[in-house]
Chemist: 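Before I ask anything, here is the structure I am working with.
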Amino acid sequence: SLTGTTATFSGTNAGGDVNGLLLENFTDATNSSVTLTMRASGNTVRNVYLKAINTSGSGEPQDLAFGTNSAYAASSEKMRLTSGGNLLLGTTVDSGAKLSISGTANTKQIGLFLAGANGSYAAIGAQRTETNIYASSEIRFINENNSSGAGAMSFGTGLNTINERLRITSTGGIAFGGATNYGTSGQLLKSNANASPTWVDASTVIGGPYLPLAGGTLTGSLTGTTAT
């Protein structure tokens, strides 16, 4: 046992590395573990801990688990860093993703916070490497109007500069190729091949299941199987 208010650990292992505090379980069985427990109260089941877990008896890959306790509850695992470097939150199942989150259904799992200025945003993005911004893309969560509390979402792509390609406004409007390029009531969306689509008046489009009338009125009726 250790007593007193301070303790110093020193020494080297067989490989010459300096050991600080070493906790060791000499059992190599799968799921064997060793735990460092910390308690800020006198209750013996309410504590936080760090646990090293041997996940396989072959090669001894080890996970690091973090446990905490909520009010009046025993401690339980909340987060795990796997031997492969994946981070698990709220789950012990390694999906193979670098980040796996499991929480209450129909609730926000990741929170991003915006600045108070109109147009400010928080984003989730990807790029080629840590230092190469080529092949970049982003999903942005936008403070559309700070005073009214309106929020929008946009999608951006690009080469070494990200440009906004599509936005969903706070009222459900859809804009392409610009934050306010959501057209006017009654317009149609026209494809521009590999470029952003554009909004056009229905009367300018030839063909389709409608008659393009530039402010005119259709009277009478159409009969037969064909019409010109």
Side-chain angles (χ1 to χ4, degrees), residues 86-91 95-228:
N86 298 334
L87 184 62
L88 317 180
L89 299 176
T91 180
S95 67
K98 280 302 178 183
L99 175 63
S100 297
I101 301 174
S102 178
T104 305
N106 303 320
T107 60
K108 186 189 303 182
Q109 304 299 319
I110 299 176
L112 302 177
F113 302 94
L114 308 174
N118 291 347
S120 61
Y121 65 87
I124 297 175
Q127 61 189 48
R128 183 183 292 175
T129 67
E130 291 89 340
T131 58
N132 189 329
I133 62 174
Y134 269 36
S136 297
S137 58
E138 282 185 355
I139 301 175
R140 297 175 178 176
F141 305 89
I142 306 164
N143 184 347
E144 186 179 83
N145 188 298
N146 191 62
S147 61
S148 65
M153 184 170 68
S154 73
F155 300 82
T157 61
L159 296 175
N160 58 348
T161 300
I162 294 178
N163 295 299
E164 182 175 319
R165 307 300 184 186
L166 183 151
R167 176 179 294 217
I168 303 174
T169 70
S170 60
T171 55
I174 301 176
F176 293 91
T180 59
N181 188 23
Y182 38 73
T184 58
S185 180
Q187 285 191 314
L188 304 176
L189 196 60
K190 178 184 176 182
S191 172
N192 290 314
N194 196 33
S196 293
T198 53
W199 297 100
V200 297
D201 293 332
S203 60
T204 66
V205 179
I206 304 302
Y210 51 83
L211 294 176
L213 300 175
T217 302
L218 177 66
T219 60
S221 62
L222 296 175
T223 59
T225 58
T226 62
T228 300

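Just so you know, these numbers come straight off a predicted model, no measurement behind them.
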Chemist: Could you please spell out the steps behind the side chain to side chain contact (heavy atoms under 4.5 Å, CB included) verdict for T204 and L188?
Modeler: CA-CA 10 Å; T204 66; L188 304 176; over 6 Å; no
Chemist: Can you sort out the partners of S120 under side chain to side chain donor-acceptor pair (under 3.5 Å), two or more places apart, ordered by chain and number?
Modeler: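 Expected list: none.
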Chemist: If I compare all heavy atoms of I142 with all of S154, which pair ends up nearest, and what's the gap?
Modeler: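 Closest pair (atom of I142, atom of S154, distance): CD1-OG, 3.5 Å.
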Chemist: Applying side chain to side chain donor-acceptor pair (under 3.5 Å), name anything that partners N160, two or more places apart in sequence or on another chain.
Modeler: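 Side chain to side chain donor-acceptor pair (under 3.5 Å) list for N160, sorted by chain: empty.
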Chemist: Closest heavy-atom contact between Q109 and I101?
Modeler: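 Scanning both residues, the minimum pair turns out to be OE1-CG2, 3.8 Å.
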Chemist: What are the two closest non-hydrogen atoms of A122 and L112, and how far apart are they?
Modeler: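 Taking every non-hydrogen atom into account, CB-CB, 3.8 Å.
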Chemist: More than 12 non-hydrogen atoms from neighbouring residues, nucleotides or ligands closer than 6.0 Å to OH on Y182, yes or no?
Modeler: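 For Y182, atom OH is not crowded (no more than 12 foreign heavy atoms under 6.0 Å).
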Chemist: Under the side-chain hydrogen bond (donor to acceptor under 3.5 Å, both in side chains) rule, what pairs show up with a residue in residues 129-138, not counting sequence neighbours?
Modeler: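 Counting only pairs at least two positions apart or across chains, the side-chain hydrogen bond (donor to acceptor under 3.5 Å, both in side chains) contacts touching residues 129-138 are E138-R140.
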Chemist: To the nearest 0.5 Å, what is the distance between CG on L159 and CZ on R128?
Modeler: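 Reported to 0.5 Å precision, the distance equals 9.5 Å.
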Chemist: List for me each residue that meets side chain to side chain donor-acceptor pair (under 3.5 Å) alongside N146, sequence neighbours excluded, and say none if there are none.
Modeler: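 For N146, the residues satisfying side chain to side chain donor-acceptor pair (under 3.5 Å) (neighbours in sequence not counted) are N143.
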Chemist: Can you give me the closest heavy-atom contact between S196 and G177, atom names plus distance?
Modeler: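 Smallest interatomic distance, heavy atoms only, reads OG-CA, 3.9 Å.
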Chemist: Within the 3.5 Å criterion, strictly below it, is a donor on S147 or N145 matched to an acceptor on the partner's side chain?
Modeler: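 There is such a pair (donor and acceptor under 3.5 Å, judged by atom type) between the side chains of S147 and N145.
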Chemist: Between P197 and S191, which heavy-atom pair has the shortest distance, and what is it?
Modeler: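 Reported closest heavy-atom pair: CB-CA, 4.4 Å.
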Chemist: Out of curiosity, I168 CD1 to M153 CE, how far, rounded to the nearest 0.5 Å?
Modeler: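 These two atoms lie 4.5 Å from each other.
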Chemist: Without swapping roles, check the side chain of N181 against the backbone of A175 for a donor-acceptor pair under 3.5 Å.
Modeler: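 Flag not set: sc N181 to bb A175 has no pair under 3.5 Å.
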Chemist: Measure the OG1-CG distance between T157 and N163 for me, rounded to the nearest 0.5 Å.
Modeler: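 Here the interatomic distance stands at 7.0 Å.
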Chemist: Do W199 and T184 have side chains that get closer than 4.5 Å, going by heavy atoms?
Modeler: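 Counting from C-beta outward, W199 and T184 never come under 4.5 Å.
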Chemist: T198 and N192: side-chain donor and acceptor closer than 3.5 Å?
Modeler: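 Distance-only check passes for T198 and N192.
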Chemist: Excluding sequence neighbours, so at least two apart, what forms side chain to side chain donor-acceptor pair (under 3.5 Å) with N118?
Modeler: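 Here no residue qualifies.
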Chemist: Residues in salt bridge (Lys or Arg N to Asp or Glu O under 4.0 Å) with E164, at least two apart?
Modeler: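 Once residues adjacent in sequence are excluded, the partners of E164 under the salt bridge (Lys or Arg N to Asp or Glu O under 4.0 Å) criterion are R167.
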Chemist: Does the side chain of S95 come under 3.5 Å of the side chain of S100 through a donor N or O and an acceptor N or O?
Modeler: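 Judged by distance alone, the side chains do pair up.
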Chemist: Quick one: does I124's side chain get under 4.5 Å of F141's, heavy atoms only?
Modeler: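 With C-beta onward as the side chain, the pair touches.
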